[in-house]
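In what follows, a single structure is set out as structure tokens and then discussed.
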Amino acid sequence: MTTVTPPDRDRTATRLLRSSAEHSYDPEVEIDWEAPLVPGKYFVPPHRSSLYGTPLWEGMTEDQRIELTRHEVASIAGLGVWFETILMQLLIREYFKQDPTAPHAQYALTEIGDECRHSVMFGRMIARLGTPLYQPTGVNQWLGKWIAHTGVGPRMYAAILIAEEILDTLQREAMNDENVQPLVRMVSRIHVVEEARHVRYAREELARQIRSAGRGRLAFDKLVIGRAAYLTGTRLVDPRVYQAVGLDPEEGRRAARANPHFRETMRWAGERVVAFLSDLDLIGGPGTALWHASGLLPRTVRA
Ligand SMILES: [Fe+2]
Ligand SMILES: [Fe+2]
């Protein structure tokens, strides 16, 4: 089945295809996977650690703090792979409905190609870090499978954007921070360059879909979008990471949740995507409570 594509869709896709041809990276050759990790360097900027500034943090040695950030970056990458695997399934399903001669459809395939390389890159990084694999479990895992099989339209693009933009904000800072391990900086840099295209594609497509759907009929989408925000906000740092520094996961989770520095980090990481989604009136309705619980909203925004 083919669909008629609006011309602006294909104009954007043509530009993104050209940019992909010029700026795509193969992590297999760009990254020195054999290079040793650098002693004394953090794995996320220390002020972004979920426990930074808490009494627990003050009680840790420098080595323990670094060790915690090793697990935190593995958790972020584990969630990244998980979202990318969902995204690839969504995109291939959308592609199947489209005309393969259209640039918009071709860009969807190109983005899947990017995500294939990213997931290999994150997987290799996690293996190199030597941590457990931290990915959603239980009801979150089930919801991930459900959205991978059924996600369409605004809820699909908004859920993608939440994950992509939050990760992007964290990685833009990490790639420029000299306290951070070179491996993590390089992985972040490759991801940031390629994700800029994905964010553009998803933002424009979402805005087009909202214009044609009308703002009033998106209650179910708002609920799903709120749940995606909640998952991202609460599972970016998997509570199991605290075991790495000898803490009880629940104690660590509670301390992070109450930590004003980390609350600010989550608001900061969510800022761009929250502003974009609230301009489209996608934050609120039945998703309101989930957004508040996600920790991503600025104090001034009331969903
Ligand atoms: Fe990616
Ligand atoms: Fe992406």
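Just so we're clear, the structure is a prediction, and the values are computed from it rather than from any experiment. For ligands, and for the atoms within them, numbers begin at 1 and follow the listed sequence.
- Distance alone, capped at 3.5 Å, is enough to place a donor-acceptor pair between the Y201 side chain and the H104 backbone.
- Legend: protein N/O/S atoms lying under 2.8 Å from the Fe ion (ligand 2), waters omitted, number 5.
- Surrounding OH of Y230 are at most 12 heavy atoms belonging to other residues, nucleotides or ligands under 6.0 Å away.
- No side-chain donor-acceptor contact under 3.5 Å links R185 to the backbone of V180.
- In this structure, K41 contributes its side chain and I66 its backbone to no donor-acceptor pair below 3.5 Å.
- Residues Y242 and H71 place their aromatic rings such that the two centres sit no closer than 6.0 Å.
- The side-chain heavy atoms of M266 and L236, taken from C-beta on, include a pair separated by under 4.5 Å.
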